[in-house]
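Contents: one structure, followed by commentary.
Just so it is clear, the values below take in all heavy atoms, side chains as well, and ignore hydrogens, waters and symmetry mates. Quick note on labels: first sequence line is chain A, next is B, and so on, each numbered from 1.
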Amino acid sequence: MDWTSWEPLETAHSFNNVTLRETLDGGQAFRWQWIEKEHCWEGVFGKTVVRLRLVKESKLELCTPFTLNNSALNKISEYLGAGIDWKAILDELPWRSDPILKESMEAFVGLRILNQPFGETLLAFLCSATKQIPQIKVMCENMAQAFGESITENHKSLPGWKRLSKATENELRQLGLGFRAKNIKKTADIIASRPDLLDTIELLPYSAAKEELMKLPGVGEKIADCALLFGAGKLEAFPVDTWILKILRNRYGLGDWNAKQIAQFGRIHFGQYAGLAQQYLFSWERSQ
DNA sequence: AGGCAGGTGGCCA
DNA sequence: TGGCCACCTGCC
């Protein structure tokens with residue numbers, strides 16, 4: 001397969017090797033793999049296939065299997081949040097008064113939140129219940145292989161909800177989805193019957209969007225927040241998973257707080273960009 | 001071998 | 001509301 005030559009991709013602030021990996025393959029997205037031979041990351045989102053690498057420590061470069069036109073470049077830039085002023089947003093986080101947050105931000109300089117296609121972000125996180133990242137990646141790959149559309153000779157997209165609604169629960173179970181198959185099937189049926197539903201939800205303000213998402217079977221607070229944070233650019237979403245529970249209980253002295261209380265603390269303490277703070281803490285906690 | 005894993009929904013007090 | 005448990009499956 002032919003790829004274009006490597007081209008620079010300008011972004012407002014820089015990744016390093018650790019934070020590029022952490023951003024692409026640290027639990028926000030599940031379709032990136034390290035290509036050792038080429039020393040780059042290869043990923044699929046929507047109908048886009050792209051390779052990324054860092055040169056001279058922090059310069060980001062990309063190439064694609066097709067002609068790299070402006071449309072493709074725009075999609076990749078948007079996916080990576082290249083136009084967002086992350087420096088200004090980071091400055092709004094309460095790191096001045098929060099040494100734990102400050103330490104995690106210093107440990108992961110360049111970490112950012114992806115802006116993935118909304119529908120497939122929801123799908124990936126419907127797979128995430130009580131699963132580790134490598135297993136979620138397997139489920140996504142299985143769904144792409146079984147029901148996705150071919151993009152290149154060796155790349156397939158994740159299936160759309162319409163296609164998923166045509167699959168049976170049993171077919172989905174055979175992809176290793178387990179009890180998640182029932183939720184995915186039921187959610188697919190709802191979305192397929194209301195083709196504008198996800199587009200509408202994505203445009204709503206955070207709270208209303210979350211409320212609507214949680215009406216879908218299998219979507220609780222955590223999965224709704226992940227879909228909105230990683231797939232709709234809603235940086236105030238503060239997903240509380242076992243890792244966040246652990247770090248806030250152990251390091252913020254909230255030992256006897258439950259998930260709901262922790263979520264409320266997070267929104268108040270970290271503010272309008274709580275989701276970004278969450279990602280730093282999440283990466284930091286997982287590295288310990 | 002048994003328990004646990006980026007949760008959710010249902011049931012019970 | 002708040003706590004407990006089943007739910008698929010694979011891996012340590």
For dC8(C), the Watson-Crick or wobble partner whose two distances fall under 3.5 Å: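 By the stated definition (distances under 3.5 Å), nothing pairs with dC8(C).
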Identity of whatever pairs with dT1(C) - Watson-Crick or G-U, under 3.5 angstrom: dA13(B)
DNA chain B contacts among residues 243-262 of chain A, heavy-atom distance under 4.0 Å: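 The answer is W243(A).
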Single-linkage hydrophobic cluster W41(A)~V49(A), side-chain heavy atoms < 4.5 angstrom: no
F125(A) aromatic ring stacked with six-membered ring of dG6(B), 5.5 Å and 30°: no
By the 4.0 Å heavy-atom rule, please label [X] as base, sugar-phosphate, or nothing.
X       : value
G220(A) : sugar-phosphate
Q278(A) : base
G27(A)  : base
V219(A) : sugar-phosphate
L175(A) : nothing

Minimum-distance pair of heavy atoms, taken over all atoms of W95(A) and L101(A): N-CD2, 3.9 Å
What's the gap between [N] and [M] when it is taken at their [atom1] atoms, as a whole Å value?
N       : M      : atom1 : result
dG6(B)  : dG2(C) : C1'   : 23 Å
dG10(B) : dC8(C) : P     : 14 Å
dA1(B)  : dC7(C) : P     : 23 Å

CG (D199(A)) with more than 12 external heavy atoms under 6.0 Å: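 Above 12, so yes.
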Can you identify which nucleotide, out of [options], has its nearest atom closest to the [X] side chain?
X       : options                 : answer
K222(A) : dC8(C), dA5(B), dT8(B)  : dT8(B)
I223(A) : dG7(B), dG6(B), dG10(C) : dG7(B)
T130(A) : dG6(B), dC8(C), dT8(B)  : dC8(C)

Within the 6.0 Å centroid threshold, strictly below: F265(A) and F238(A): no
Quiz item: cation-pi between R112(A) and F15(A), 6.0 Å / 45°: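 Yes; both conditions hold, so R112(A) lies above the ring face of F15(A).
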Polar side-chain contact Q28(A)-dG6(B) base: donor and acceptor under 3.5 Å: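 Counting by modelled atom types and ignoring angles, no donor-acceptor contact under 3.5 Å is found here.
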Any side-chain donor near an acceptor of the partner, R51(A) and T4(A), under 3.5 Å: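 Judged by distance alone, the side chains do not pair up.
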Polar side chain donor-acceptor pair, N74(A) to S71(A), under 3.5 angstrom: no
Side-chain N or O of R180(A) closer than 4.0 Å to phosphate OP1/OP2 of dG7(B):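 False: R180(A) side-chain N/O out of range (4.0 Å or more) of dG7(B) OP1/OP2.
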Nearest-angstrom distance from the residue atom CG of L216(A) to P of dG7(B):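 From L216(A) CG to dG7(B) P: 19 Å.
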